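Okay, structure first, notes after.
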2 protein chains.
Amino acid sequence: MSIKTVSNVVNDHPHVRPEMRERVRAVIDRLDYRPNGIGRQLRQGRTGLVALALPNVTYPYYGELTSALVTAARARGLTLLVEQTDADLEREREVAAGFPVRMVDGLVFVPLTMGVEELALRRDRTPAVLIGEHGDGSGLDRVTIDSIDIGTTATQHLLDAGRRRIAFLGDKSAHRSPVVAQRAAGYRTALERSGIEVDPDLLWPVPEWERRHGFEGATELLRAHPDVDAIFAANDLIAFGAMRALRLLGRRVPDDVAVLGVDDVEGAQYSAPTLTSIALDRSEMADLALGLLADRLAGSDAPPRLLSVKGELVVRESTGG
Amino acid sequence: MSIKTVSNVVNDHPHVRPEMRERVRAVIDRLDYRPNGIGRQLRQGRTGLVALALPNVTYPYYGELTSALVTAARARGLTLLVEQTDADLEREREVAAGFPVRMVDGLVFVPLTMGVEELALRRDRTPAVLIGEHGDGSGLDRVTIDSIDIGTTATQHLLDAGRRRIAFLGDKSAHRSPVVAQRAAGYRTALERSGIEVDPDLLWPVPEWERRHGFEGATELLRAHPDVDAIFAANDLIAFGAMRALRLLGRRVPDDVAVLGVDDVEGAQYSAPTLTSIALDRSEMADLALGLLADRLAGSDAPPRLLSVKGELVVRESTGG
DNA sequence: AACCGTGATTGCAACGTTGGAAGGCAGTCA
DNA sequence: TGACTGCCTTCCAACGTTGCAATCACGGTT
């Protein structure tokens, strides 16, 4: 029998006599033949691979996002390939330039340090979707988070709980990151709306959004401003670090200082005290991102689209809930 | 100029006149030409892709392992492709059979429910490495963890802290998992060595090794056995869940009940109280696994190798450290 | 001037697959 | 019996690359 007939059987081509079909199947089974993906993909011009490039899978938020993307990709017959940038500019540039492999159909990208202007200059033509807070001008499809809204919601919740000296822990002076800018902007808005003057000293910077820096940041913050009665942490990891710091400083949470995070990471339900946070629907984000990508893979050349996901406040013990 | 000359330039072939090299480069740049990975890989018979199949990236332990593998793979010029099985037997079988894509050079596999006998029957010929505790007989290279040792170390530490009613939280009756068997065996050994009778009631089962089940398991455990003065949790997630349960039950950790986990997940340093755990070096494991795989990719047909990683006790607050 | 050697360039084939067209075969109809 | 039809199978080419062999240009040698 010919090679092509085997191909026809494998691909369920209509015109194959059942008898022949059986015969081929038998031989395939006997020889343990596996159709070679590379050959197939070379012929078809697509691989079914999608690259995901994000800072680091160990951060719970990114881990959960990765997991959601793997699942969403699977549902669409795609497979995810993971690359970590560690938020390093050079690595992000490599990704934008086409790294890791020249064989993916699309890219889901979570850049942290690279600016939109630079992204716009990307010459690689594989379709890409950005996830996160990035300004206009990249020319790419995006799934974004309404971080201003997150900032106001968070701050308002703390105000409603009667707090007045609310610090924002997680300012990043180093990167001119839009995420930070937005969350901080929301924080400002909420305070001003309540007629409370924004104390710039309470916008406290941390080098990275990790537990360790939340810990150190909170320690310094409370040394400098012992009257702080609430911490709005830029993400849950910072909040966890801050809560540990408060414990060591002998401040009770939420009695003395309320703490609130963002992301609603799995662990937020099990910390002591449990952490009030703003939940972001990772599955939804993953689904939206792959939807945008799928449209591009199908050949869409519509102008770049922007989909936004809202955060939802989940009240727990750390703010007195 | 010919296609082949372009190929020569791209691949830094020695005999190309500098002038020609420049000319080609210029054109490449102007046309934004990117060598097509699929064609190249078809020619060379390898893709540089390695599949990683594990239960779920959201579990901190697996997330950290994934991260380490991504990094280790990168260091070897390989790219990792991630697939989640959710510890589902059917999904694990698909992976063993060659899913997700027929185009990876190797597989790093963390099966939870599939038995070694079945793995031995795997017909797919792509080299595979197992990570985790699995018995002999799979015929595959393995990176394993000395879980018996972990069990004794953990239990001994609790004994040294003066505890006598030590429960093992994380027994899995459902799966006849070797991990559990080994950690439980170590637990038994340590108790017997100290002349303490093993109370089978204190081997407490949980359906999955997640925070939630640690919480529920500990709640039930302490209702049934209020005299328990220490919990050896099968992993950190269970321990976190257990600590929350203890808090709600009004038991102080470590004063009333000591808690100890396994994995030394990042969050163990920030829980309240911080969690004593047994650290497993993820980077080392990743490196060993990819080393084994690399040997196979290089053509080695040596008999299956077994590399073992030891756990290291890290004492923190939850056991009175 | 014919020859040689070296380095630079090109041509050919093959990797494994599949779309499309062509070929073969049996059964049907005139 | 010959033409036609419809189903099944086979053949050819192409996807983009690179190893190998062949070709070509050119300066140096005899």
Side-chain angles (χ1 to χ4, degrees), chain A residues 1-49 51 77-79 98-106 123-127 297-299, chain B residues 1-49 51 77-79 98-106 123-127 297-299:
Chain A
M1 70 189 85
S2 88
I3 295 181
K4 180 64 215 235
T5 302
V6 177
S7 168
N8 286 340
V9 172
V10 171
N11 294 345
D12 282 326
H13 186 84
H15 298 306
V16 181
R17 235 184 321 156
E19 170 201 326
M20 173 65 93
R21 193 181 297 275
E22 262 328 295
R23 203 149 65 92
V24 173
R25 278 202 208 292
V27 177
I28 284 184
D29 215 51
R30 187 161 56 78
L31 298 185
D32 254 348
Y33 162 81
R34 317 266 162 159
N36 176 313
I38 313 183
R40 174 177 296 177
Q41 279 132 23
L42 176 59
R43 186 65 174 78
Q44 305 185 328
R46 52 186 302 283
T47 58
L49 295 179
L78 300 169
T79 303
F99 197 81
V101 217
R102 315 217 158 291
M103 49 187 290
V104 297
D105 294 340
R123 310 186 71 181
D124 189 352
R125 291 169 305 280
T126 39
L297 296 187
Chain B
M1 70 190 83
S2 87
I3 295 181
K4 183 62 221 237
T5 302
V6 177
S7 169
N8 287 340
V9 171
V10 170
N11 293 345
D12 281 326
H13 185 84
H15 299 305
V16 180
R17 235 184 324 155
E19 170 202 325
M20 174 63 96
R21 193 182 297 275
E22 262 329 294
R23 201 150 65 91
V24 173
R25 279 202 208 290
V27 178
I28 284 183
D29 215 50
R30 188 162 55 78
L31 299 184
D32 253 351
Y33 162 82
R34 317 266 164 161
N36 175 313
I38 313 183
R40 174 176 296 177
Q41 279 132 23
L42 176 59
R43 187 64 175 77
Q44 306 186 328
R46 52 187 302 284
T47 57
L49 295 179
L78 300 168
T79 303
F99 199 82
V101 216
R102 315 218 158 290
M103 50 186 292
V104 296
D105 294 340
R123 310 186 70 183
D124 189 351
R125 291 169 305 278
T126 39
L297 297 186

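Just so we're on the same page: letters track the sequence lines, and every chain starts at 1. No experiment lies behind these values; they were computed from the predicted model shown.
The side chain of B:K4 lies closest to C:dT10 when the candidates are C:dG19, D:dT17, C:dT10. Ranking D:dT17, C:dT18, C:dT17 by closeness to the B:N36 side chain, first place goes to D:dT17. Taking every side-chain heavy atom of B:L42 into account, C:dC15 is the closest of D:dT18, C:dT17, C:dC15.
Residues passing the salt bridge (charged side-chain N to carboxylate O under 4.0 Å, His left out) test with A:R17 are A:E19, sequence neighbours excluded. Listed by chain and residue number, B:T126 satisfy the side chain to side chain donor-acceptor pair (under 3.5 Å) test with B:D124 (two or more places apart in sequence, or in another chain). With sequence neighbours excluded, the residues that form a side chain to side chain contact (heavy atoms under 4.5 Å, CB included) with B:L49 are A:L49, A:L81, A:V101, A:M103, B:T47, B:T79, B:L81, B:M103, B:V104. In this view, A:R23 satisfies the salt bridge (charged side-chain N to carboxylate O under 4.0 Å, His left out) rule with no residue, not counting sequence neighbours. Judged as a side chain to side chain contact (heavy atoms under 4.5 Å, CB included), and not counting sequence neighbours, the contacts of A:Q44 are A:R40, A:R46. Shown here are the salt bridge (charged side-chain N to carboxylate O under 4.0 Å, His left out) partners of A:R21, two or more places apart in sequence or in another chain: A:D12. Scored by the side chain to side chain contact (heavy atoms under 4.5 Å, CB included) test, B:V27 finds B:M1, B:R30, B:L31 as partners (sequence neighbours excluded).
Annotation: side chain of A:D29 is in contact with side chain of B:R123 (closest heavy-atom distance under 4.5 Å).
Here the P atom of nucleotide C:dT18 and the CD1 atom of A:I3 are 11 Å apart, to the nearest Å. Rounded to an integer number of Å, the gap from A:R46 CZ to C:dT18 C1' is 14 Å. In this structure, B:R34 atom CZ and D:dT17 atom P are separated by 13 Å, rounded to whole Å. Residue B:Q44 contributes atom CD, which lies 7 Å from atom P of D:dG19 at whole-angstrom precision.
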Stepwise side-chain contact (heavy atoms from CB on, under 4.5 Å) test for B:V16 and B:V24: CA-CA 10 Å; B:V16 180; B:V24 173; over 6 Å; no

Show the distances under 3.5 angstrom between N or O atoms of the protein and N or O atoms of nucleotides 22-25 of chain C.
none

Might you list the N or O atoms of the protein lying below 3.5 Å from N or O atoms in nucleotides 22-28 of chain D, with each pair's distance?
none

Which pairs, protein N/O on one side and nucleotides 4-9 of chain D N/O on the other, fall under 3.5 Å?
unit_1, atom_1, unit_2, atom_2, d
D:dT9, OP1, A:R17, NH2, 3.4
D:dT9, OP2, A:R17, N, 3.2

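Taken over five-pair windows at either terminus, the axes of the helix from C:dA1-D:dT30 to C:dA30-D:dT1 are inclined to one another by 80° (rounded to 10 degrees).
Nearest heavy-atom pair across A:D105 and A:P127 is O-CD, 3.2 Å.
On a pure distance criterion of 3.5 Å, a polar donor-acceptor pair joins the side chain of A:R43 and the base of C:dT18.
For B:S7, no side-chain nitrogen or oxygen approaches OP1 or OP2 of D:dT17 to under 4.0 Å.
Separating the NE2 atom in A:H15 from the OG1 atom in A:T5 is a distance of 13.5 Å, to the nearest 0.5 Å.
Within residues 22-32 of chain B, no residue approaches DNA chain D, by heavy-atom distance under 4.0 Å.
Residue B:I38 is out of contact with every strand shown, counting any heavy-atom pair closer than 4.0 Å.
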